[in-house]
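The structure under discussion appears below in the form of structure tokens.
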Amino acid sequence: MNTDIKQILNALPDLALLVRGQSVVFCNKAGCDMLGYDNSDNDNFLPIIDLIDVEYHDVFNEIWQGLLETGRTDFPLKVTGFNNSKHEIMFYADSVVEAEQNTIILYGKDFSLAKKNAAALVESEMSQRILKDAALSFLCICDDKGISYMNPAGLKLLEGERENDVLGEAFSRFVHPDYKSVFNKDFKLLSAETQAFPLKLIGLKGGELRVEMFVSKFRHGGRSAYLIEAKDINDLLLRQEELLRVQGVLKKKVAERTQELSKEIKARIEAQKTVEHMTYHDALTGLGNRIQFVHAVDQYPTLLRGTEICDGDDPSEKKQYCAVLVMDLDHFKDLNDIFGHETGDQLLRKIADLLKEELIPGAHLARLGGDEFALMLPVEEKVDAEYCAQRLLMRMGKAFFLSGKEVYSGCSVGIAIGPEHGETATELLGHAEMALYQAKHKGRSTYTFFDSSLKKNLEESSRIEHLLRAALDKDEFELYYQPQIELQTGRLIGAEALIRWHSSDGMVSPDRFIPIAEKTGLIDPITDWVMTTACTQAKEWQNILPGIRVAVNLSAVSFRQVDFVHKVAEVLEFTQVSPGCLELEITETAIMADFREADRILNSLAELGVHLAIDDFGTGYSSLSYLKRFPVNKLKIDKSFVLKLDQNQDDAAITAAIISMAHAMGTKVLAEGVEEKSHMLFLKERGCEEAQGYFFAKPMPAEDFLRWCTHEGAGNLKTVAG
């Protein structure tokens, strides 16, 4: 056997077998360790059937026959080692020619723990998403005079017990001697860096810590200072990344060697399939197109026989059925606009390769067009289709590296099951796309099964869209105003303007019609009306309620419009209201969708003189290293945290942490959803400047709001001040 091939296979971290006929002539080191197999003697041939679990013998014989005919395939099998260990292996086969004998290399990856790990990973990601910046970040403020602030997490990482242990100390004291030369830069130069850089720190007790550090300049205490944010680097992850890189290089070498041996054969096959490929395949990704996919699904045995789905517990009663998954990328248009269509095409090709790796025997994959892909796979239970969708969401949530750029593109998935949800490919595709639309409506990055109610919901959405198009002309919209209170003084400082729709069918909730308005493009004229109406009202109130500020919620769609800043300037000019009387609220999710463009827009709005607030703070995935750059006057803590302040210790801790960090950045905080006196007292004690909620007043029409401010609300505000 070729010594180079043997060395390459021995370096692989997963099982690799060299099979001639039906005998194992070589097993790599990782495979021997897994199976308890001694292959020190090259002449010690082993029938491969001895490794296959007895229940899979018939399956293996069928696969082996197909393998000899095609020369390349991938398939799952259950394997029993000589040490009685059980393994579920996904095999990938490649044929090579050696010494004029047909030889097959089998690569195998153990996926026995994949299902358990997937469930644990989903739960872990949800529990960590809020606290990853608020609780686990190392935050430090320093200048030429030394450290002036260190958050509790940072103090703990540096092995300190009291804040005074580090205050006044030069930050360079904590830099490991091996990294002094790397860190020997001016803070001003470090703050200009756009990427985090690695650094090793040493604690007060001599402990070493590897971090990624980011330095930014800002104003603190009336003078220039630097905010240092660092995150602990997990050594295990670094080793895994290095292992994956080495594995990729080795796989590439194996592929290159086998490609050289089979180049002539592949060239002949490709020449014969060229015409068919152009007819039935997508030119960009090489996947099957809609025509091929429809044909493959219509020929699926379950649909041809009309077999009913069985969900019983008896395995003998279960029958294989057809699951159709339609996957669509989230915000792909935005990605094209930001990085260009060439990068978008690269991403589509990368995703096509990723999906092909996930295919199981009997499955079919296609690109339907644009950023939409379809997958048909045979499953025995509906939970198998659900597991596949979860795996797609997890894989698509990771970064893609394209032309030196780090690109993220999540996805949404719709699922239809045949023959329950349709007996033809056209029906199943249509119903899966309805389910996909519902998944996007839920907020993207999720999956949904088709349900007959989806048709009714789509019809209802279409009806609301029709009514919505005429609502502005019929003057059916009205603004309600909810007071915003300064907690320390009980003084009324502003009001949030909230839209209400009195349609011919009655009151329609904003949660129902705003998403439809965003999808249909009607959100822009609605936003223009809201800003104009709110500014006009603020102008009228100035004589009675001097200095009152009106806050307007912005849709992410409107915020990203090219001429949005110009529209705001036109509204201010038309209403003649002072720019300081208008506050625009943007969700952190909308900002982080494209933080560079958001930075440009927010700075342009700040130049107009309007106030800016980040709405629903704490519910997104924003990073303080970006948020602190924006000219934001206020953070609004989402009401989901405030409503359970006296019931949930985690919500109370997160709320207190947000207030503390906002103050460290010189930003005010407003808490939404204050409904109890205990909520108000908690926020007031922790220095939260502003609040709104039912404890003070519900949203009211303009006339009722004015009456509340001048009469009814006076007593309540005195209670707050006391």
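Partners of Glu357 under the side-chain contact (heavy atoms from CB on, under 4.5 Å) rule, at least two apart in sequence or in another chain, are Arg395. Not counting sequence neighbours, Phe332 has no partner by the ring-ring contact (aromatic ring centres under 6.0 Å, His included) test. Annotation: salt bridge (Lys or Arg N to Asp or Glu O under 4.0 Å) contacts of Lys442 (sequence neighbours excluded): none. Applying the salt bridge (Lys or Arg N to Asp or Glu O under 4.0 Å) criterion to Glu433, with sequence neighbours excluded, gives Arg290. For Pro47, the side-chain contact (heavy atoms from CB on, under 4.5 Å) partners two or more places apart in sequence, or in a different chain, are Ile49, Asp50. With sequence neighbours excluded, no residue forms a ring-ring contact (aromatic ring centres under 6.0 Å, His included) with Tyr437. For the side-chain contact (heavy atoms from CB on, under 4.5 Å) test, residues two or more places apart in sequence or in another chain that qualify with Ala439 are Ser412, Thr446, Thr448. By the side-chain contact (heavy atoms from CB on, under 4.5 Å) test, Leu77 pairs with Ile52, Tyr56, Val59, Phe60, Ile63, Phe75, Phe91, sequence neighbours left out. Residues passing the side chain to side chain donor-acceptor pair (under 3.5 Å) test with Asp33 are Lys29, sequence neighbours excluded. For Glu208, the salt bridge (Lys or Arg N to Asp or Glu O under 4.0 Å) criterion is met by Lys200, not counting sequence neighbours.
Atom-to-atom distance recorded for Leu355:CG and Leu392:CG is 6.0 Å, nearest 0.5 angstrom. Here the straight-line distance linking atom CG of Leu354 with atom NZ of Lys356 works out to 11.0 Å at 0.5 Å rounding. Going from atom OH of Tyr447 over to atom CG of Leu436 covers 14.5 Å, rounded to the nearest 0.5 Å. One finds the CD atom of Glu88 at 10.0 Å from the CE atom of Met90 (value rounded to the nearest 0.5 Å). Gln22 CD to Ile104 CD1: the interatomic distance, rounded to the nearest 0.5 Å, is 9.5 Å. Here the NE2 atom belonging to His331 is positioned 10.5 Å from the CD1 atom belonging to Ile338, to the nearest 0.5 angstrom.
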Give every donor-acceptor pair under 3.5 Å between a side-chain atom in residues 359-379 and any protein atom, sequence neighbours left out.
residue, atom, partner, partner atom, Å
Arg367, NE, Gly370, O, 3.0
Arg367, NH1, Asp282, OD1, 3.1
Arg367, NH1, Asp282, OD2, 3.2
Arg367, NH2, Gly370, O, 2.8

Can you give me every donor-acceptor pair (side chain of residues 343-353, partner residue at least two apart or in another chain, under 3.5 Å) with its distance?
residue, atom, partner, partner atom, Å
Thr343, OG1, Phe339, O, 3.4
Gln346, OE1, Ser403, OG, 3.1
Gln346, NE2, Ser403, OG, 3.0

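Residues Ala385 and Leu325 come closest through the heavy atom pair O-CD2, 4.0 Å. Among all heavy-atom pairs drawn from Asp298 and Ala425, the shortest one is OD1-N, 2.8 Å. Of all the heavy atoms in Leu12 and Ala16, the pair that sits closest is CD1-CB, 4.3 Å. Closest heavy-atom contact between Gly288 and His281: N-CD2, 3.8 Å. For the residue pair Leu15 and Cys27, the shortest heavy atom distance occurs at CD1-SG, 4.2 Å. Across every non-hydrogen atom of Ala389 and Val413, the tightest pair is CB-CG1, 4.2 Å.
Between the side chains of Asp110 and His87, a donor-acceptor pair is found at a separation under 3.5 Å. For the residue pair Ser445/Asp330, the side-chain donor-acceptor check at 3.5 Å is satisfied.
For the pair Thr424 and Glu427, the minimum side-chain heavy-atom distance is below 4.5 Å. Using a 4.5 Å heavy-atom threshold, the side chains of Leu329 and Met396 count as touching. Looking only at side-chain heavy atoms (C-beta outward), Ile415 and Val324 stay at 4.5 Å or farther from each other. The closest side-chain heavy-atom distance from Met213 to Lys231 is not below 4.5 Å. In this structure, Ile417 and Cys322 have side chains that are not in contact, with every pair of non-hydrogen atoms separated by 4.5 Å or more. With contacts defined as side-chain heavy-atom distances shorter than 4.5 Å, the pair Thr80/Leu51 does not qualify. Side-chain contact between Phe26 and Val19 is absent, with no heavy-atom pair separated by less than 4.5 Å. Counting only heavy atoms from C-beta outward, the side chains of Phe197 and Glu212 never approach each other to under 4.5 Å.
By the neighbour-count criterion of 12 heavy atoms within 6.0 Å, atom CG of Asn83 is densely surrounded, having more than that number from other residues, nucleotides or ligands. Annotation for Lys333: atom NZ does not count as buried by contact number, only 12 or fewer foreign heavy atoms lying within 6.0 Å.
The main-chain N or O of Asp14 is found under 3.5 Å from a side-chain atom of Asn28 such that the two form a donor-acceptor pair. Looking at Ser23, its side chain never comes within 3.5 Å of a backbone N or O of Val25 through a donor-acceptor pair.
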For a side chain to side chain contact (heavy atoms under 4.5 Å, CB included) check, start with the C-alpha distance between His295 and Gln299, then their side-chain angles and the critical distance, and finish with the verdict. CA-CA 6 Å; His295 176 74; Gln299 296 302 309; 4.0 Å; yes

Criterion salt bridge (Lys or Arg N to Asp or Glu O under 4.0 Å) on Glu406 and Lys398, from CA distance to verdict: CA-CA 10 Å; Glu406 188 177 52; Lys398 298 180 180 179; over 6 Å; no

Step by step, would you call Tyr37 with Leu17 a side chain to side chain contact (heavy atoms under 4.5 Å, CB included)? CA-CA 12 Å; Tyr37 175 54; Leu17 302 174; 5.9 Å; no

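Using bins of under 30°, 30° to 60° and over 60° for the plane-to-plane angle, the ring pair Phe450/His431 lands in the parallel bin.
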